[in-house]
Structure formats: C-alpha cells, structure tokens
Amino acid sequence: MTALAAVPALALVVIVVLSLRDPEYGAPAVVGALLAAALGPPAYGLARLRRRAPPEP
C-alpha cells in the first residue's frame, strides 16, 4: 500500500524536475505555484473571519 501511495508524489517530483529544465517557463511556474500555495491559508483564514453569520430563522 505504501508504494502505491508514493506514486502521485513521485509523479509530482518528476513533473517539477522536468519543468525546471526549461528555465524560461519552469522556474516562474514553480515560483508562482509556491507563492499561491503560501498565500492560500492566510486568504482562507481572512475569508473565514469576514464571513457573515447565517440569518436567524
């Protein structure tokens, strides 16, 4: 089971390595993806804080 679970992670690593081999496209794409991943949790937390309470029945 563990080897089967590692397949998606291995595929992701292969894709990132292949992307980085093309410096014109790969590096900006990886930097953009990391930046988006870093901004996701704070944006989610801010959205939860700003969410309005549901209306009373």
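Remember, it's a predicted structure, so these values are computed and weren't measured experimentally.
- In this structure R48 satisfies the side chain to side chain contact (heavy atoms under 4.5 Å, CB included) test together with Y44, R51, sequence neighbours excluded.
- Hydrophobic cluster membership of V17, counting Ile, Leu, Val, Met, Phe, Trp and Tyr whose side-chain heavy atoms lie under 4.5 Å apart directly or via other members: V13.
- In the hydrophobic clustering (ILVMFWY side chains linked at under 4.5 Å, chained through shared members), L35 is joined by L39.
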